[in-house]
Amino acid sequence: PILLDVPRGVQFHPRQPLAVWIQQEFYQAVGPLFRSPELTERSVAHLSVALLSVLYGIIFVLLVTALARRAAAHDSASEIA
């Protein structure tokens with residue numbers, strides 16, 4: 001599981017090499033923000049992967065919104081012509 005691999009520094013998975021690399025880099029970058037005596041490294045990995053998932057979701061919504069606006073503008077332009 002990713003939550004076990006991230007704290008161990010695994011940076012490659014044969015089926016998801018880019019995703020694992022991005023998650024590892026993100027964990028290295030934001031992990032220090034979450035570290036505390038109360039949290040295990042697995043919990044820190046969980047929080048960093050969760051935050052990355054939220055950011056992916058925000059990017060997805062922004063892209064879909066932009067594509068929908070572009071499609072709507074294209075439809076409006078074709079109706080006028």
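This chain uses plain numbering: 1 for the first residue, then up along the sequence.
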Partner of F26 under side-chain contact (heavy atoms from CB on, under 4.5 Å), chosen from V6, V49, L55: L55
Pairwise distance CG(L51) to CG(L33) - rounded to 0.5 angstrom: 9.0 Å
cation_pi(R35, Y27) dist<6.0 Å, angle<=45: yes
Nearest heavy atoms of V30 and S48, plus distance in Å: CG2-CB, 3.6 Å
Atom of V61, atom of T65 and distance for their closest heavy-atom approach: O-OG1, 2.7 Å
Separation of L52 CG from L47 CG (nearest 0.5 Å): 12.5 Å
Shared hydrophobic cluster, V64 / Y56 (ILVMFWY, side-chain heavy atoms < 4.5 Å): no
Spacing of H46 atom NE2 and T40 atom OG1 [to the nearest 0.5 Å]: 10.5 Å
CD on Q23 to CD on Q16, rounded to 0.5 Å: 7.5 Å
Expected output: side-chain S43 to main-chain L39 donor-acceptor under 3.5 Å: no
